[in-house]
S.K.: 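Next up is a structure, given as structure tokens.
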Amino acid sequence: MALTTKGISYAVEDDIPAEAVARDLRAIREELHCTTVMLLSGDVSALRSATRQALELGLDVYVRPYLPDRPRSELLAHLATTAAMAEELRAAHPGRVTLLVGSEFSLTQRGMLPGPRLFVRVQVLVRWRRYFDRRIRRKLKPLLAAALATARGAFGGPVTYAAGFWEEVDWSGFDVVGVNLYRIGSDHAAYEARLRELRGRHPDKPLVITEFGCGAHAGAELRGPGSFLIVNWFREPPRVREGHVRDEGTQAGYLGELIGLYEAAGVDGCFVYTFWSPEFTHDPLDPRRDLDMAGFGVVKIPAEGGGWERKQAFEEVARRYANP
């Protein structure tokens with residue numbers, strides 16, 4: 001079965017010139033052969049500009065507001081503003097704009113996992129999440145209900161959420177089931193079973209994998225979302241820990257295999273995470289400074305500056321998405 005939504009996410013930075021964003025979106029449409037782009041930003045003005053450009057280039061758009069570590073009232077106010085912006089563009093481009101109310105609230109928002117900052121909560125999630133599952137269930141449900149009501153109040157198109165794979169979500173009020181479903185470890189059968197479970201549990205709604213990916217180093221296919229942990233982020237500047245080897249083929253193989261799996265499983269769409277990771281720069285001479293091997297981008301950003309360069313993952317995603 002063919003994917004109807006062939007996508008990739010793209011972080012919209014407010015300091016990137018509009019012409020650079022247009023160049024990147026054109027590459028996503030014409031070179032990666034994506035049908036859809038997921039645009040992430042906490043800046044509504046930058047998000048509006050990028051969404052308009054993507055639509056004009058022929059890409060459908062998933063609009064994803066991103067505002068971590070903020071009070072609930074601020075989060076919902078930002079969502080309302082984003083939803084109103086998305087509605088204006090949806091009205092001009094019917095059937096081509098989808099709104100996400102957010103992503104992985106139990107991780108990105110305070111109060112469900114301990115830790116004052118997102119980076120600290122990631123460590124808790126990786127090591128001790130099972131001790132907080134009950135608290136996550138209890139607090140996530142009312143937040144999602146409030147976010148959904150806020151989105152519906154301003155946006156008339158399809159609404160979804162990018163759920164963490166550990167989160168339990170009542171999808172009855174959403175139009176699309178969206179899950180960030182990274183494959184971790186070597187138990188591939190369990191991952192495939194999870195896909196079948198998601199497809200079978202919600203047969204009446206489209207199923208979209210809103211994030212999947214890994215880094216470009218040996219062993220990254222086992223780490224999945226934990227690929228970035230090979231970097232010591234507490235050093236200044238950050239350095240890749242000893243013993244890690246760059247391997248772009250690992251990332252390319254991971255993405256290509258999962259895209260094929262989604263097609264076989266009857267998944268409606270997927271979004272590679274991600275087009276670029278500006279903070280994960282590439283140094284071809286010093287492996288300790290080659291943060292890109294820990295990043296998720298399908299392009300690499302030279303540490304000395306300049307434009308991005310394709311990685312093997314770019315070529316593999318383009319090949320998979322080009323096939324009918």
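When reading the values below, keep in mind they use all heavy atoms of this one structure, side chains included, and skip hydrogens, waters and symmetry mates.
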S.K.: How long is the straight-line distance from CE of M38 back to OG1 of T210, given to the nearest 0.5 Å?
M.R.: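 One gets 5.5 Å once the value is rounded to the nearest 0.5 Å.
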S.K.: Out of E316, Q312, K311, which one pairs with Q251 under the side chain to side chain contact (heavy atoms under 4.5 Å, CB included) rule?
M.R.: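 Running side chain to side chain contact (heavy atoms under 4.5 Å, CB included) over E316, Q312, K311 with Q251 returns exactly one hit, K311.
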S.K.: What is the distance from atom OH of Y161 to atom CG of L99, rounded to the nearest 0.5 Å?
M.R.: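 That separation rounds to 13.5 Å.
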S.K.: Specify the closest pair of heavy atoms between V231 and P238, including all atoms of both residues, with the distance to one decimal.
M.R.: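 Reported closest heavy-atom pair: CG1-CB, 3.8 Å.
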S.K.: Decide side chain to side chain contact (heavy atoms under 4.5 Å, CB included) for W166 and L125; before the verdict, give the C-alpha distance in whole Å, the side-chain angles of both, and the deciding distance to 0.1 Å.
M.R.: CA-CA 10 Å; W166 63 91; L125 177 73; 3.6 Å; yes
S.K.: Quick one: do E211 and R64 make a salt bridge, cutoff under 4.0 Å?
M.R.: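 Salt bridge present between E211 and R64.
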S.K.: Regarding R246 and D292, does a basic nitrogen lie under 4.0 Å from an acidic carboxylate oxygen?
M.R.: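 Counted as a salt bridge, because a side-chain N and a carboxylate O are separated by less than 4.0 Å.
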S.K.: Can you tell me if Y191 uses its side chain to pair, donor with acceptor, with the backbone of L181 under 3.5 Å?
M.R.: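 Checked: pair present.
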S.K.: Answer yes or no: is there an ion pair linking D133 with R138, defined by an N-O contact shorter than 4.0 Å?
M.R.: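 Result for this pair is no, no salt bridge flagged.
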S.K.: Check for a donor-acceptor pair, side chain of R289 on one end and backbone N or O of D283 on the other, with a separation under 3.5 Å.
M.R.: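 Pair absent, no side-chain N/O of R289 close to backbone of D283.
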S.K.: What pair of heavy atoms forms the shortest contact from M85 to V63, and how long is it?
M.R.: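 Minimum heavy-atom contact is CE-CG1, 4.2 Å.
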S.K.: Would you call E242 and R288 a salt bridge, using N to O less than 4.0 angstrom?
M.R.: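 Between R288 and E242 there is a salt bridge, with a charged N closer than 4.0 Å to a carboxylate O.
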S.K.: Looking at L55 and R96, what are the two nearest heavy atoms and their distance?
M.R.: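 It is O-NH2, 2.9 Å.
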S.K.: So, for F212 and Y182, is the gap between ring centers shorter than 6.0 Å?
M.R.: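 Centroid separation for F212 and Y182: 6.0 Å or greater.
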S.K.: So, F280 versus W233, ring centres under 6.0 angstrom or not?
M.R.: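 Yes, the ring centres sit under 6.0 Å apart.
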S.K.: Charged N to carboxylate O under 4.0 angstrom, D290 versus R239?
M.R.: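 Not counted as a salt bridge, because no side-chain N and carboxylate O are separated by less than 4.0 Å.
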S.K.: Output yes when D60 and R29 qualify as a salt bridge under the 4.0 Å nitrogen-oxygen rule, no when they do not.
M.R.: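 No, no charged N to carboxylate O under 4.0 Å.
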S.K.: Please determine which of W276, Y10, F275 meets the ring pair (Phe, Tyr, Trp, His ring centres under 6.0 Å) test together with W308.
M.R.: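 Option passing the ring pair (Phe, Tyr, Trp, His ring centres under 6.0 Å) with W308: F275.
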S.K.: Charged N to carboxylate O under 4.0 angstrom, R310 versus E31?
M.R.: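 So R310 pairs with E31 through a salt bridge.
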S.K.: Please check if the side chain of S41 supplies one atom and the backbone of D43 the other of a donor-acceptor pair under 3.5 Å.
M.R.: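 Yes.
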S.K.: If you measure from the Lys or Arg side-chain nitrogens to the Asp or Glu carboxylate oxygens, is any gap between E221 and R183 under 4.0 Å?
M.R.: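 Answer for the salt bridge query: no.
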S.K.: Could you tell me whether the side chain of R121 and the main chain of T108 form a donor-acceptor pair under 3.5 Å?
M.R.: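 Yes, because the side chain of R121 sits within donor-acceptor range (under 3.5 Å) of the backbone of T108.
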S.K.: Supply the atom-to-atom distance E304 CD to T281 OG1, rounded to the nearest 0.5 angstrom.
M.R.: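 E304 atom CD to T281 atom OG1 measures 9.0 Å (nearest 0.5 Å).
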S.K.: Just checking Y131 against W128, ring centres under 6.0 Å apart?
M.R.: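 No, ring centres 6.0 Å or more apart.
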S.K.: Within 45° of the axis and under 6.0 Å from the centre of the six-membered ring of F165, does NZ or CZ of R194 qualify?
M.R.: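 That pair does not qualify as a cation-pi contact.
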